[in-house]
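Report on one structure; see the data block that follows.
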Amino acid sequence: MVEVGDRLLGYATDPNVRSKGASGGLVTAVLAAALEKGLVEGVVILKRIDEYEAVPVITDDVQEVLSSGGSMHAVPVNLAKYVVGKKVAMPGKPCDVRGVIEQAKRNSVDLSNTYIVGLNCGGSMHPVLTKEMLIKMYEIDPEDVVGEEIEKGKLIFKTKSGEEKSIPIDKLEEEGYGRRESCRYCDVKIPVSADLACGNWGVIGELAGSATFCEVMNEKGKLLLDTAIEAGYVEVRPADEKSISIREKVNSAMLKLGGEWKEKVFDEIPDKDRLKYYIDQFADCIDCGACKEVCPACSCGPDSKCTMFHNLADNYKMSMYHMVRLLHLSDSCIGCGQCADVCPVDIPVTTIFRRFANPAQKKRNYVPGMDLKRPPFLEVMLK
């Protein structure tokens, strides 16, 4: 039996799951055990098409869960809106987890029926740019790639021939490749608001590459891990002080780098130019609404204020759609990057919304998606 607060090293007992899954397959095994033992009715997985494309699905097939293991840094989808309808478990990057928390604050998700296995995240990548990067920087045919990993500040790709090539992420980003911009300035790397917080940071020695560092964050996390252990799906042992220290050092280094990127991206705009900045940024908008559809923090339906107040016949310098959303998301934008990913005219939507939200959230010492203790500040102010 494990306890809340335990920091452990673990791995899947099935050799195939352990070798295929990222960092020893513990996350895959925990999700499969939860499904097999009836703790949940479904598991959210990414159904892999290739190394650059996957489709989120909710499955009740244990074997499908077991076959879904492996890192997919080039598939930057957010899973928050797939937690619907029944008792489910899901893996999630910090931004996935924060999206679920924001949905729960708005009564769109029942957290008592939702189990989240969080994944440490140093960043994800655009699939199209990743293919271009492989050809130009790695001199690898994208179709030859069978796996990838981020380790010690390097992005590593494995090919069908067994070859591995790695390049420092800093070098890739100097050339315009590597992580998505929203990932570079992200300030949450370990998913402490999940039920379990898992990753390879702090796994050293003989277990490096074949085990997961797992922190039990709450009672649901304890239940998830106890279920997997009792079912014989995983084995765990306490993490030693060295492993714990290394994990903290990696996290601190990633946060420091994120802070540096934040200063670069969000250079100060004089007050007299702020309105012009937002008008100019949204000038090419074609009113497709894709940014709203994918936003993991937005729980509004079709009759939301941003759409009700907006009319294509209006000739405002900036549409009511964007003005309302800038205000509406100022207390909930988590900077996941989904809106920028889907914009058909390449407006840097995430950066624009984060620029608007940053000062409001900083002033109130509010970080969205971290827990249910503090309600959205706009909700409090309007009551």
Side-chain angles (χ1 to χ4, degrees), residues 22-23 27 46 50-54 70-78 91-96 118-142 144-159 163-191 197-204 208-209 212-213 245-267 334-338 340-341 348 350-351 354:
S23 305
V27 171
L46 284 175
D50 56 32
E51 290 297 318
Y52 319 98
E53 187 175 2
S71 297
M72 297 198 75
H73 289 106
V75 182
V77 66
N78 191 293
K93 308 178 297 299
C95 57
D96 296 302
L119 312 171
N120 296 352
C121 185
S124 56
M125 305 174 293
H126 289 290
V128 174
L129 279 177
T130 299
K131 291 182 180 182
E132 183 181 310
M133 175 185 70
L134 284 166
I135 296 170
K136 181 178 178 180
M137 302 293 291
Y138 286 80
E139 298 182 343
I140 293 176
D141 183 341
D144 285 340
V145 172
V146 295
E148 44 77 19
E149 188 56 82
I150 296 175
E151 186 175 346
K152 296 180 179 179
K154 295 182 178 181
L155 180 58
I156 306 163
F157 285 93
K158 303 174 184 179
T159 66
E163 181 184 14
E164 289 190 7
K165 285 191 175 183
S166 65
I167 298 176
I169 292 175
D170 287 350
K171 182 177 179 180
L172 295 171
E173 291 178 355
E174 287 173 3
E175 298 295 325
Y177 298 111
R179 300 171 300 165
R180 299 149 69 234
E181 183 175 72
S182 56
C183 298
R184 297 177 190 180
Y185 58 73
C186 175
D187 51 11
V188 179
K189 303 298 184 181
I190 295 179
C198 302
N200 63 3
W201 303 347
V203 182
I204 57 177
T212 298
F213 189 113
S245 175
I246 289 175
R247 178 183 184 239
E248 292 303 320
K249 286 180 179 178
V250 173
N251 186 48
S252 295
M254 294 299 296
L255 291 176
K256 181 176 181 292
L257 181 61
E260 293 170 355
W261 269 108
K262 199 169 186 177
E263 289 185 6
K264 292 179 185 176
V265 173
F266 298 106
D267 55 319
I334 57 177
C336 66
Q338 296 296 298
D341 287 346
T350 306
T351 300
R354 282 310 311 170

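Reckoned from all heavy atoms, side chains included, excluding hydrogens, waters and symmetry mates. Residues: numbered from 1 along the sequence shown.
With a 4.5 Å cut-off on side-chain heavy atoms, Ile140 and Ile135 do not count as touching. Considering only heavy atoms from C-beta on, Ile156 stays 4.5 Å or farther from Ile167 through its side chain. Ser245 has its side chain within reach of Lys249: a pair of non-hydrogen atoms, C-beta onward, lies under 4.5 Å apart. Put simply, the side chain of Ser182 does not reach to within 4.5 Å of the side chain of Thr351, judged on heavy atoms. Put simply, the side chain of Leu155 reaches to within 4.5 Å of the side chain of Leu172, judged on heavy atoms.
In terms of the side chain to side chain contact (heavy atoms under 4.5 Å, CB included) criterion, residue partners of Thr130 (sequence neighbours excluded) are, by chain and number, Tyr52, Ala74, Met125, Met133, Leu134, Phe157. Take Ala54 and apply the side chain to side chain contact (heavy atoms under 4.5 Å, CB included) test, not counting sequence neighbours, and it matches Leu46, Met72, Val75. Remark: Lys136 pairs with no residue by the salt bridge (charged side-chain N to carboxylate O under 4.0 Å, His left out) rule, at least two apart or across chains. Listed by chain and number, the residues in a side chain to side chain contact (heavy atoms under 4.5 Å, CB included) with Lys262 are Tyr185, Asp187, Phe266, Asn358 (sequence neighbours excluded). Residues satisfying the side chain to side chain contact (heavy atoms under 4.5 Å, CB included) test with Glu173, not counting sequence neighbours, are Ile169, Arg179, Arg184, Trp261. Remark: Lys189 pairs with no residue by the salt bridge (charged side-chain N to carboxylate O under 4.0 Å, His left out) rule, at least two apart or across chains.
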Task: Worked verdict on Lys256 versus Glu260 for salt bridge (Lys or Arg N to Asp or Glu O under 4.0 Å) - done: CA-CA 6 Å; Lys256 181 176 181 292; Glu260 293 170 355; 2.8 Å; yes
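Contact detail for Ile204 and Ile246: the closest heavy-atom pair is CG2-CD1, 3.6 Å. Here the closest heavy-atom approach between residue Thr212 and residue Ser23 is recorded as OG1-O, 2.5 Å. In plain terms, the two heavy atoms of Gly199 and Asn120 that are nearest each other are CA-ND2, 3.6 Å. Of all non-hydrogen atoms in Pro94 and Leu119, the two that sit nearest each other are CD-O, 3.2 Å. Val77 and Asp96 make their closest contact through O-OD1, 3.8 Å (heavy atoms, listed as atom of the first residue, atom of the second, distance). For Asn78 against Cys95, the heavy-atom pair with the smallest separation is ND2-O, 3.4 Å.
The backbone N or O of His126 sits nowhere less than 3.5 Å from a side-chain atom of Arg180 that would complete a donor-acceptor pair.
To the nearest 0.5 Å, atoms CG (Leu255) and CD (Glu248) are separated by 9.5 Å. Here the straight-line distance linking atom SG of Cys183 with atom NZ of Lys93 works out to 8.0 Å at 0.5 Å rounding. With rounding to the nearest 0.5 Å, the separation of OG in Ser124 from CG in Asp341 is 7.5 Å. Met137 CE to Tyr177 OH: the interatomic distance, rounded to the nearest 0.5 Å, is 7.5 Å. In this structure, the separation between CD on Glu164 and OH on Tyr138 is 11.5 Å, given to the nearest 0.5 Å. The structure places SG of Cys186 at 9.5 Å from CZ of Arg354, a figure rounded to the nearest 0.5 Å.
Glu181 and Thr350 share no side-chain donor-acceptor pair at under 3.5 Å.
Counting non-hydrogen atoms of other residues, nucleotides and ligands closer than 6.0 Å to NZ of Lys165 gives a total above 12.
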